[in-house]
Protein chains: 2
Amino acid sequence: MVDFTEDLYVPKERMYVATDCIIFGFDSGNLKLLIFKRRVKPLLGEWSLIGSFVKLNEDVEEAAQRVLKEITGLENVFMEELKTYGNADRDPGFRCVSIGQYALIRINDYDKELVEKHGAHWHDISEVPDLVLDHNQMVQDALARIRRKARYKPIGFELLPEKFTIPQLQRLYEAIYQKELDSRNFRKKVLSLNVLIKLDEKDKTTSRRGAFLYKFDNKRYQELLKSGYNFEIS
Amino acid sequence: MVDFTEDLYVPKERMYVATDCIIFGFDSGNLKLLIFKRRVKPLLGEWSLIGSFVKLNEDVEEAAQRVLKEITGLENVFMEELKTYGNADRDPGFRCVSIGQYALIRINDYDKELVEKHGAHWHDISEVPDLVLDHNQMVQDALARIRRKARYKPIGFELLPEKFTIPQLQRLYEAIYQKELDSRNFRKKVLSLNVLIKLDEKDKTTSRRGAFLYKFDNKRYQELLKSGYNFEIS
DNA sequence: GCAAAAGTGTTCTTCCTACACCCATGC
DNA sequence: GCATGGGTGTAGGAAGAACACTTTTGC
């Protein structure tokens with residue numbers, strides 16, 4: 001990669017397409033963001049989202065999944081396009097259009113060694129440092145998107161382990177909405193959706209009494225999506 | 001522009017970025033789409049959305065507004081990014097990533113001569129012919145988007161003339177949702193939003209009695225957006 | 001036995017839905 | 001005077017919001 005950090009003017013002779021991943025996780029009651037400290041020029045040492053140029057022979061979406069796999073070791077992660085960042089002057093080095101993609105991962109699944117090897121770190125969403133280029137904007141846009149999206153799609157489940165408790169699910173939604181929810185109303189609402197399967201196990205890590213574990217009934221959810229179900233939770 | 005129509009294999013050595021516009025209008029109770037018949041190779045004579053490569057020194061959004069102005073003569077049109085079409089094989093000629101943008105225009109405002117000069121035509125949304133590349137997919141995606149979006153943002157107003165009647169507005173929403181609405185409930189709901197200003201004029205073109213004209217109160221709408229208003233109409 | 005989190009029901013209010021008739025006017 | 005589209009009100013039901021106490025169990 002060329003080092004443009006010392007040139008103020010760089011002729012822009014061709015177009016590049018990149019993709020940047022806004023990677024969310026959920027842990028200890030907080031939404032987390034995976035970012036990394038650049039180990040190469042340009043912008044060495046600065047915090048940045050994880051991204052890559054899109055290769056000539058790969059789909060934009062493939063590029064994003066490739067990046068995600070390189071960093072976390074995970075495949076088939078939930079990922080959706082956020083938007084395109086296409087201002088002519090967004091990157092002082094290249095004329096580069098970047099397609100932001102947000103990903104939701106189960107924070108216990110990823111490959112910790114791989115993440116460390118790449119210099120990546122999880123940051124609490126409320127403590128994200130200054131990022132390079134327009135990456136802070138991307139994070140804000142992605143947050144706004146998942147806050148809105150969580151109202152009509154059960155994306156929250158992508159952030160939880162396969163088995164989870166209802167209080168866990170509630171803490172996740174509270175982290176997404178930045179708002180405390182009433183536990184009685186919350187439980188009533190999520191159970192009324194009929195997409196949770198109650199298991200015979202309890203999670204005793206957060207209380208003496210223990211909370212029942214549930215699984216997400218993906219088949220049932222697909223049926224509901226087709227019939228226009230609404231997952232609004234207030 | 002190079003003609004690739006007779007070459008099956010074209011080496012793809014660089015990335016292009018384009019934008020394609022899905023332009024909607026509303027007329028005679030129907031949603032309309034503006035498409036054009038290509039007058040140049042490649043794909044001469046085929047129906048296509050209106051698009052352009054993004055220039056090295058322009059923003060992606062600028063490129064879309066430029067295209068829109070070239071075709072319709074309109075500036076400051078309501079336009080939003082739809083999504084990126086980034087499959088490596090989506091265009092047999094170039095390696096081209098296209099950013100779809102949907103636009104809503106007031107069908108009486110555009111420059112008819114300009115549209116004709118470019119070989120563009122309005123098609124009823126239910127009778128869109130086969131389009132080149134993945135353009136039919138773009139249209140379907142854009143339709144799905146505005147159907148969803150109309151539930152929480154008053155985008156409908158972008159498609160109506162400045163002054164409109166409530167029955168007109170209702171027919172628009174019926175066209176968007178593909179569903180008949182109850183006129184009493186519809187009127188009650190839109191008036192309860194407090195974003196319509198009743199005028200002292202009537203439109204007598206569709207009935208002997210005439211229907212009162214309204215204007216959209218943009219200032220009031222901005223206030224409501226900030227406080228998290230919901231425009232759901234069923 | 002007590003601390004700490006899990007789990008449970010009811011009432012009130014609001015909003016959506018369904019539904020039918022009179023009004024104004026040009027011909 | 002009649003045909004045509006414009007305009008209005010009400011009652012029933014569903015869903016959201018507010019709200020407090022009992023249960024379980026490890027220590």
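Quick caveat: nothing in here was measured; it's all calculated off a predicted structure.
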Rounded to whole angstroms, how far apart are [atom1] on [X] and [atom2] on [N]?
X: B:K179; N: C:dT17; atom1: NZ; atom2: C1'; result: 10 Å
X: B:D203; N: C:dA24; atom1: CG; atom2: P; result: 18 Å
X: A:F164; N: C:dA6; atom1: CZ; atom2: P; result: 15 Å
X: B:R187; N: D:dG9; atom1: CZ; atom2: P; result: 11 Å
X: A:N185; N: D:dC19; atom1: CG; atom2: P; result: 11 Å
X: B:D182; N: D:dG6; atom1: CG; atom2: C1'; result: 14 Å
X: A:F186; N: C:dA5; atom1: CZ; atom2: P; result: 18 Å
X: B:K188; N: D:dG9; atom1: NZ; atom2: P; result: 10 Å

Does [X] come within less than 4.0 Å of [Y], counting only side-chain N to carboxylate O?
X: A:R66; Y: A:E62; result: no
X: A:E46; Y: A:K37; result: no
X: A:R106; Y: A:E162; result: no

Open item on the list: Once you apply a heavy-atom cut-off of 4.0 Å, does A:K204 come out as touching a base, just sugar-phosphate, or nothing?
Closed with: sugar-phosphate

Task: Face-on cation placement of A:R151 at A:Y177 ring, 6.0 Å and 45° thresholds - done: yes

Task: Geometric cation-pi criterion, B:K188 with B:F186: 6.0 Å, 45° - done: no

Task: NZ (A:K215) with more than 12 external heavy atoms under 6.0 Å - done: no

- [ ] Verify the neighbour count for atom NZ of A:K149: are there more than 12 heavy atoms of other residues, nucleotides or ligands below 6.0 Å?
- [x] yes

Open item on the list: Tell me whether the side-chain N or O atoms of B:K202 pair up with the base of C:dT25 as donor and acceptor below 3.5 Å, since no angle test is needed here.
Closed with: no

Open item on the list: If you only use heavy atoms from C-beta on, which nucleotide in D:dG16, C:dA20, C:dT8 is closest to the side chain of A:R184?
Closed with: C:dT8

Open item on the list: Among residues 206-214 of chain B, which ones have heavy-atom contacts with DNA chain D below 4.0 Å?
Closed with: B:T206, B:S207, B:R208, B:R209, B:G210, B:A211, B:F212

